[in-house]
Every structure is written in C-alpha cells, then in structure tokens.
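In what follows, a structure is listed as structure tokens, so that the remarks can point back to it.
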Amino acid sequence: MSSSLLKLDQVEAYIQKFHILQGVSFEVEKGGVTVLLGRNGAGKTTTLRTIMGLNQVGKGTITFNGENIGDLQTHQIANKGIGYVPEDQGVFGDLTVGENMRVAMKKEDEETTRRMEWVLELFPDLKKFWKKPGGALSGGQKQMLAIARAYVNENELLLIDEPSKGLAPIIVDKVTESIEQMKENTTILLVEQNFMMASKIGNQFFIIDDGKTVHKGQMEELKQDKVLMKKYLGIA
Amino acid sequence: MDLIISLTVNGLATGMLIFLLAAGLTLIFGLMSVLNFAHGGLFIWGAYTGVWSFQMTGSFIVGIIVAIITGLLLGLVTERLIIRPVYGNHIQQILITLGFMLVLQEFIKVVFGPDQKAVFPPEILQGSFLVGDIVLIKYRLFIIAVGLLIFIVSSFILKRTRVGLIVRAGVMNKEMVQSLGINIKLVFMLVFMVGAGLAALSGIMHAVYSGVIYAEMGLEFSILAFIVVVIGGMGSFSGSLFAAILVGLAQAFMAYYVPALSLAVNMLLMTVVLIFRPQGLFGKE
Ligand SMILES: Nc1ncnc2c1ncn2[C@@H]1O[C@H](COP(=O)(O)OP(=O)(O)O)[C@@H](O)[C@H]1O
Ligand SMILES: [Mg+2]
C-alpha cells in the first residue's frame, strides 16, 4: 500500500470526439503541494475536470483514498473531500460574497465556522466586501473567494487551477502565501504556469504534454534542470 | 378614469395568472436549459382536479390544495419519466414534452369528459367592491393578491434561504454548484415540482376567472407563458413577473381599444424585445 491520497492510472478522456487525455498517470501524496506543469493546451485543466467528474473518464482509473471515484458523479466526488477552484474561478456573479460562501458551506458546525473565520482572516477583502456581488469583485478578489469557498469545508484535497492567471504580481504573492498556509493541513494539487509561484510552494511536480504525463520529480530538481524546463515549459 | 382602473385590474389579474405559469418555466429553463412544452398540461390538470374537488366539497380552499398537490405529483412523474432521459437535447425535449402535453390534454377528456364545463367563484369571492364610481371585481383582486403573495414568498426563498441561493447559483453555473458537493439533479427535481405546483395553481385560479374549463386551454394559455419567459429573460424570476404584467396589461387594453389586435400584441411585444434585447429584458447575455 502506498500513502497516496489521489492516484490517476493511465487516465484517458474525450471532449466530444477529441481524444484529449491519452494516458495521464500520477500520484498525489498526503500533505504538501503537487504541481501539474505543462504548456498551454497540454491537458492540465482537463485533468482536473476529469478528477472532478466534469469530464467522463474514458479509460483508466482514478482512486481517492483507495476508492475508485472514476464513475461517481461530481457532487459525490466533491463530498468525498475534494475542493475545486476552477480556472475561471466559478464565482456566482449575482450572489454576494457572503452568499457565495453560504452556498459552499455544507455544514454550519463549529469546525466550519472556525475554518470560515480563519479564511476571512487570511483574505480580509472578503470580509470587507461581504455584501458585494461576486461579479463586482476584482480578479484577485474573485480568486480569493474561489479559494475560500473550496477551503471552508473540511476537504482533504484541493484542486486549484492556475490561481495566478491574470493577476498583478502583488496579488500573486498574496495568493501564493495563502496557499502556503493552507498546505499546512490540506493536500493541494496545483496547476500553475507561473514558475516562480510553482517553485516556491511546490514539493513534487508532474509534467503533462499532449495529454500524457511525461515527467515527474521533486520541485528542487526541476529548478536545476534547464533542459527539461525548456523542452516542456518553454522556460529558458 | 374608472375605465382605466378597471382595465388595469383586469390586466394585472391576467398577468398574475401568466406569471404563476411562467415562473416555473423560466427557472426550469434557467437551471437545466430544459424546454418544457408540457407545462400547459400541468396547468389543465390543476384546473380540472381543482375544480372537480371544489365542486365536490364546496370548498375553494380544498380545490386549491388538491390542484397544487396534483401539480406537485404530476411534476415529479414528468421530471422522472419524461424530462430526465432527454437532458441536454433540445430537439428531443421539444418533441417529447409536446407529445406529453397532448397526452395530458387528451387524458383530461377521458377522465373528465370532452365538454366544456362552467365554473363559478366561491360565494365569498363573487361580486365586487364599489370604490367611488369604480367597480372592483373581488375575484380579480383575489388573483392579484395571491400572485403577489407567491412572488414575495418565492423571492424570499430565492434570496434568503440556502436552497434558494443554490437554485440561483445553479442558473449561473451548474458545474460549480456540483463541484461544491450539491446534487443539482435533486435541486432541479424540486424546482420542477414547485414549478408544476404553481402551474396547477394558475390552472384552478384561471378556470374560476374565465368561468369555463376545456382541455385545450392549457396549450393556449401556456403560449402566453412562453412569450413571457422570452420577454422577461429565460431564467429570470423577477423578469417573468415584470413581463407577465406587461403582457397582461397589453392584452387587457388592446382587447378594449383595438380588439382585432389583442392576440397579435403579445407576439408583437416579443418580436420587439427579441430585436432590441435578444436575451430578454432581465436576461443575462
Ligand atoms: N470544449 C472543448 N472542445 C474541444 N477541445 C477542447 C475543449 N476544451 C479543451 N479542449 C482542448 O483540450 C486540450 C487541453 O486543454 P486544457 O486541458 O484546457 O489545457 P491546459 O489547461 O493544459 O492549458 C487543448 O488542446 C484544448 O484545445
Ligand atoms: Mg488550463
């Protein structure tokens, strides 16, 4: 038995008739941050969506805590303890910040309240704009709301898709810092193109290219490996 | 002046009845993009079962309750058997719900007979109030009051309760709602049932309003509801109230001043809205 929390084994997925994922395999161990890297269009978002059951698994298996979740429906997968922050954040624009949180909160027990307080301390803007519609928030605030919404329930794993996308550097720092704090007690699978951010908080990495996992290792090693970075990430 | 007030009351009453029918339609569409042409069938079943039990018991309240329960149950069955297999396929939805509409309509004739039936309001709602020179027909005021009450209660639920927030969130982003661990199919079933209940309520109230029921009135009246959903913006609850009142008033005034145009006016309204605001008055692009 391995200690992996999430395991994808030769996962394939189609979007309409396009064969998008053609063999994605990786394991996320309990604790820490696993980073999925790869160029635009490599299949990172599709991989997260497939884990969430938003795309069907064509072939292969996805196991979470030793249980096959590949055939479950999205809400069932979420209720196993996986929180999802999609690439477009998925903030409900007509609902206020507070209402967005309320939709997300599965329980109203002590633990949830405690997590809510913690996350509001982390993102004071959310508290400040509690009654503002989600659609009226800045990009950075939307990102914070999306992360807070995924964190507020007692999830074991958070899937976060390119949280730095389109944000000003100073906001990226803020988001980076918040993920660093969350990784203390939650396992995180992070898709990130911003190498600075990825290398700062990532422990292990996997590279996806053309819908297949092609490389894996420790983040520390990748920083040294200029050839690999250039080949798959286009970073010189 | 009294003519204008009286026409306005007529228009508001008709508008409220259309609203009750359109409210469910618009949420059903907004939440699951389901086009439900069987909605008028739920309306006539509400009308017939409601009127039947009203006439059997002599109690209008019992009639209303029976109509609503019929709507809820029929809504449950319709969602399970007719709608669920055709999620995501508009062509199939149109065909199967139109077909089911006709089945519901013909089945009315089997159960209750093919002839028109006369219906009278309960005694307490017969007659009118006289305010100055203005005659206010009691039953019309009753319809307006019920419509407003339903609007206020539903708005409260949609704005203040978690279930309501989930419904609105689902209209905006279904995938995200599911990703937060919510079974959207269950939410949809609930919305569908409530929508059907409101359609059935509209049916019994309309039956008493028009004084007559016949099987085809569901299809006729639901066309108005579809127009209202398009004008108000698919998925917009407030939009459906606004548009229903607009259509009700347009119809009432046209019927008096330019009777020849009274049917065309709603189509005309819809066309104008579609040209200038294709997403409807309250709809999001
Ligand atoms: N709805 C879709 N229809 C067709 N192709 C799609 C769709 N969504 C994504 N793709 C394709 O799938 C591939 C992987 O996309 P994605 O997972 O979003 O990549 P990444 O997140 O790594 O940038 C891309 O080539 C993209 O063009
Ligand atoms: Mg992506």
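The sequence lines fix the lettering, A, B, ..., with proteins before strands; numbering per chain opens at 1. All values reported here derive from a predicted model rather than from experimental measurement.
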Practice problem: Search all heavy atoms of Asn173(B) against all heavy atoms of Gly90(A) and return the closest pair with its distance. | Solution: ND2-CA, 3.7 Å
Quiz item: Between OG1 of Thr74(A) and CD1 of Ile184(B), what distance do you get to the nearest 0.5 Å?
Solution: 10.5 Å
Quiz item: Considering residues, nucleotides and ligands other than Tyr14(A), do more than 12 of their heavy atoms fall under 6.0 Å from its OH?
Solution: no
Exercise. Give a yes or no on this: more than 12 heavy atoms of other residues, nucleotides or ligands lie within 6.0 Å of atom CG of Asn185(A).
Key: yes
Quiz item: Would you say the side chain of Leu95(A) lies within less than 4.5 Å of the side chain of Met172(B), judging by non-hydrogen atoms?
Solution: yes
Quiz prompt | Shortest non-hydrogen contact between Gly181(B) and Asn79(A), atoms and distance | solution = O-ND2, 3.0 Å
Quiz item: Which region of Arg149(A), side chain (C-beta onward) or backbone (N, CA, C, O), has a non-hydrogen atom less than 4.5 Å from a non-hydrogen atom of chain B, or is it both or neither?
Solution: both
Quiz item: With side chains defined as the heavy atoms from C-beta onward, is the minimum distance between Phe92(A) and Arg168(B) less than 4.5 Å?
Solution: no
Quiz item: About how many Å separate CG of Leu165(B) and CG of Asn100(A), when rounded to the nearest 0.5 Å?
Solution: 9.0 Å
Self-check item: Atom of Ala78(A), atom of Ser179(B) and distance for their closest heavy-atom approach
Solution: CB-O, 3.3 Å
Practice problem: Side-chain contact test, heavy atoms from C-beta onward, threshold under 4.5 Å: evaluate it for Ile182(B) versus His75(A) and give yes or no. | Solution: no
Quiz item: Checking heavy atoms, do the side chain of Val163(B), its backbone, both or neither come under 4.5 Å from chain A?
Solution: neither
Quiz item: Is Gln178(B) close to Met52(A) at the side-chain level, that is, under 4.5 Å between some pair of heavy atoms?
Solution: no
Self-check item: More than 12 heavy atoms from other groups under 6.0 Å of CD on Glu111(A)
Solution: yes
Quiz item: Using 4.0 Å as the upper bound for N to carboxylate O, is an ion pair formed by Lys159(B) and Glu99(A)?
Solution: no
Quiz item: For Arg160(B), does the CZ atom have more than 12 heavy-atom neighbours from other residues, nucleotides or ligands under 6.0 Å away?
Solution: no
Exercise. Using a cut-off of 6.0 Å, state whether more than 12 heavy atoms not belonging to Phe242(B) lie near its atom CZ.
Key: no
Exercise. Kindly indicate whether the side chain of Lys185(B), heavy atoms from C-beta on, has any atom under 4.5 Å from the side chain of Gln73(A).
Key: yes
Practice problem: Just do the side-chain contact (heavy atoms from CB on, under 4.5 Å) check on Met176(B) and Gln89(A) with the steps written out, would you? | Solution: CA-CA 9 Å; Met176(B) 195 61 228; Gln89(A) 296 134 12; over 6 Å; no
